[in-house]
Visitor: 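Before we start, here is the structure in question, set down as structure tokens.
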Protein chains: 2
Amino acid sequence: MRKKSRSFLPNGVKLCYIKHMGRPKNFEREDVIQQAMELFWLKGYAATSLSDLTEATGLNKKSLYNEFGSKEELFNIALNAYNQSKLRQIELLTEEPFGKQNVINYLEDVAQTSSKKGCLMTLSIHESELLEKEAKLDVQKSFKGLQGLIFKNLSVDYDKKKAKSLALLMSSMIFSIASLGKLKVDKKEIKSMIKELIILL
Amino acid sequence: MRKKSRSFLPNGVKLCYIKHMGRPKNFEREDVIQQAMELFWLKGYAATSLSDLTEATGLNKKSLYNEFGSKEELFNIALNAYNQSKLRQIELLTEEPFGKQNVINYLEDVAQTSSKKGCLMTLSIHESELLEKEAKLDVQKSFKGLQGLIFKNLSVDYDKKKAKSLALLMSSMIFSIASLGKLKVDKKEIKSMIKELIILL
DNA sequence: GTTGTTTTATACCGATAGGTTACTTACTCA
DNA sequence: TGAGTAAGTAACCTATCGGTATAAAACAAC
């Protein structure tokens, strides 16, 4: 009888099986997010259609909507994943001791990893007229976060006013680099450019 | 008789009247281009629909197509007009004598005129995956032109290698500034930022 | 095997995209 | 005035947009 086999559980409590009921999904959520991210990154939000997404991910529309709710929500999730993927780079700005060397390391890494695909966050900023508040706030917050971290590092070496201006300059270099990437400017040239910039520090 | 009144013309040559035949247009081509430009500038190519364009310009679809051929062609023309409108700024880089002061003047003007709408060229770069060759080449050419002019000015004060890197840095600031504009960063901050940058020169 | 649950495939929805057709209107020319 | 021409209007075209309804398929529990 069932009662015997579950007698170790309190009344009303059921076993929670790892395997869920119903037909199993035949996709990995993280993979799908990754693929969607690549697509949005390449084409932007407006120009990426549901057909593009279903084609790239292998999922059909219904499954996409079951999993993510809407194109917009999927975009927000993808944008988030993109920002997460940049965390390693950002962490260069949290190394002890704080100071301008962290900023130099960060900028050199950004130049080194610059891509011909540009940068999803930069793209989103320019598309922001189409996006809902959530995505707008996301990019706003991401950039402010970066700017703040750079400011914190530069505050060690400069007075507040100068640190602020320099932080804006250094943080906004991600936009320059993203655009140069899209323009297929050689990575070597971008690195030389950054070399010149960090003379300021 | 006609012959008498046109006797001063050679045979087979007709008077070319300023007024053209048929119903006159009730729009100014330049105005329409301007309005289209503003719209593309605000929303980007992909997100600007024909309805948006007809609404903003007052022209109906047929007239738009008669005049400009297609959405893509209109965009190319608008992008061109945008670049033309930036010529005054660019001319700061052709003042005699050539030298870094020209670049400083240019950058300060770019900062001064930075807009919350960003920059149509920068937006187009990030949308370039959607655009046909013509628009791509246009932005490519525009940027190379700017970069070349800045290089020419900096070559007066620096050796070739340094001038090249500095030129890339200074020219790509238009992308940073455009993005900061879209992020609603205060113009005053942008100007302070540029103040810091030109210390390099 | 039956029942319940979840995912999948397919077909469909109204709305809108970019673009065109057919016709009317407004002008020049003679 | 009437013929010729260019521009404007509105209805229409097909394709695709983001999003859904329905039902078959694949699993767990029993």
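Sequence lines set the chain letters: A, B, ... in the order given, protein chains first and strands last, and positions in each chain run from 1. Side-chain atoms are counted along with the backbone in the values below, which use heavy atoms only and exclude waters and symmetry mates. Please read all numbers here as calculations on a predicted model, not as lab measurements.
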Visitor: B/Asn105 and B/Gln101: side-chain donor and acceptor closer than 3.5 Å?
Guide: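 Yes, because at least one side-chain N or O of B/Asn105 sits under 3.5 Å from a partner of the opposite role on B/Gln101.
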Visitor: Regarding A/Ser179 and B/His126, is there a side-chain donor-to-acceptor distance under 3.5 Å anywhere?
Guide: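 There is such a pair (donor and acceptor under 3.5 Å, judged by atom type) between the side chains of A/Ser179 and B/His126.
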Visitor: Which whole-number value in Å describes the distance from A/Asp52 CG to D/dA15 C1'?
Guide: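 It works out to 14 Å between those atoms.
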Visitor: Are any of the side-chain nitrogens in B/Lys43 or A/Glu127 under 4.0 Å away from the carboxylate oxygens of its partner?
Guide: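 No.
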Visitor: If the test is side chain to side chain donor-acceptor pair (under 3.5 Å), which one of B/Arg88, B/Glu108, B/Gln89 qualifies with B/Thr113?
Guide: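 The passing option is B/Gln89.
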Visitor: Between B/Asn60 and D/dA10, is there a side-chain N or O to OP1/OP2 distance below 4.0 Å?
Guide: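 Looking at the OP1 and OP2 atoms of D/dA10, neither is under 4.0 Å from any side-chain N or O of B/Asn60.
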Visitor: A/Ser63 or B/Arg23: which one's nearest nucleotide on DNA chain C is closer to the 5' end?
Guide: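 First, find each residue's nearest nucleotide; the 5'-ward one identifies A/Ser63.
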Visitor: State whether B/Ser51 places a side-chain N or O below 4.0 Å from either non-bridging phosphate oxygen (OP1 or OP2) of C/dA17.
Guide: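 True: B/Ser51 side-chain N/O within range (under 4.0 Å) of C/dA17 OP1/OP2.
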Visitor: Separation of B/Phe27 atom CZ from D/dT9 atom C1', in whole Å?
Guide: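 Going from B/Phe27 (CZ) to D/dT9 (C1'), I get 14 Å.
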Visitor: Quickly work out the A/Leu74 CG to D/dG19 P distance and round it to whole Å.
Guide: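 Value for this atom pair: 10 Å.
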Visitor: What is the nucleic acid contact for A/Thr48, judged by heavy atoms within less than 4.0 Å: base, sugar-phosphate only, or nothing?
Guide: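 Sugar-phosphate: the residue A/Thr48, judged by heavy atoms under 4.0 Å, touches backbone atoms but no base.
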Visitor: Could you state the atom-to-atom distance from CG of A/Leu50 to P of D/dT20 in whole Å?
Guide: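 Value for this atom pair: 11 Å.
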Visitor: Map A/Leu59 and B/Glu72 onto DNA chain C by nearest heavy atom, then report which one ends up closer to the 5' terminus.
Guide: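 The residue closer to the strand's 5' end, by nearest nucleotide, is A/Leu59.
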Visitor: What is the separation between atom CG on A/Leu64 and atom P on D/dG19, rounded to the nearest whole Å?
Guide: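 Going from A/Leu64 (CG) to D/dG19 (P), I get 11 Å.
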Visitor: Tell me whether the OP1 or OP2 atom of C/dT8 has a side-chain N or O from A/Lys62 closer than 4.0 Å.
Guide: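 Answer no for this pair, as no side-chain N or O of A/Lys62 is under 4.0 Å from OP1 or OP2.
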Visitor: Expressed as a whole number of angstroms, how long is the span from B/Tyr65:OH to D/dG8:C1'?
Guide: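 It is 16 Å, rounded to the nearest whole Å.
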Visitor: Heavy-atom nearest nucleotide on DNA chain D for B/Asn66 versus B/Gly22: which residue maps closer to 5'?
Guide: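 Its nearest nucleotide being more 5', the pick is B/Gly22.
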Visitor: Whole Å only: how far is the NZ atom of B/Lys61 from the P atom of C/dA17?
Guide: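 So the two atoms are 8 Å apart, to the nearest Å.
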Visitor: Test for a donor-acceptor pair under 3.5 Å between the base of D/dG18 and the side chain of A/Lys71, counting only N and O atoms.
Guide: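 Between D/dG18 and A/Lys71, which were checked side chain against base, a qualifying N/O pair under 3.5 Å is absent.
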Visitor: To the nearest Å, how far apart are B/Met21 CE and D/dG4 P?
Guide: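 Roughly 10 Å, once rounded to whole Å.
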Visitor: Does A/Lys71 make a cation-pi contact with A/Tyr45 (under 6.0 Å, within 45 degrees of the axis)?
Guide: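 Flagged: A/Lys71 positioned over aromatic ring of A/Tyr45.
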Visitor: Closest approach to the side chain of B/Ser49, judged atom by atom: which nucleotide of C/dC27, C/dG18, D/dC17 is it?
Guide: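 The answer is C/dG18, which lies nearest to the side chain.
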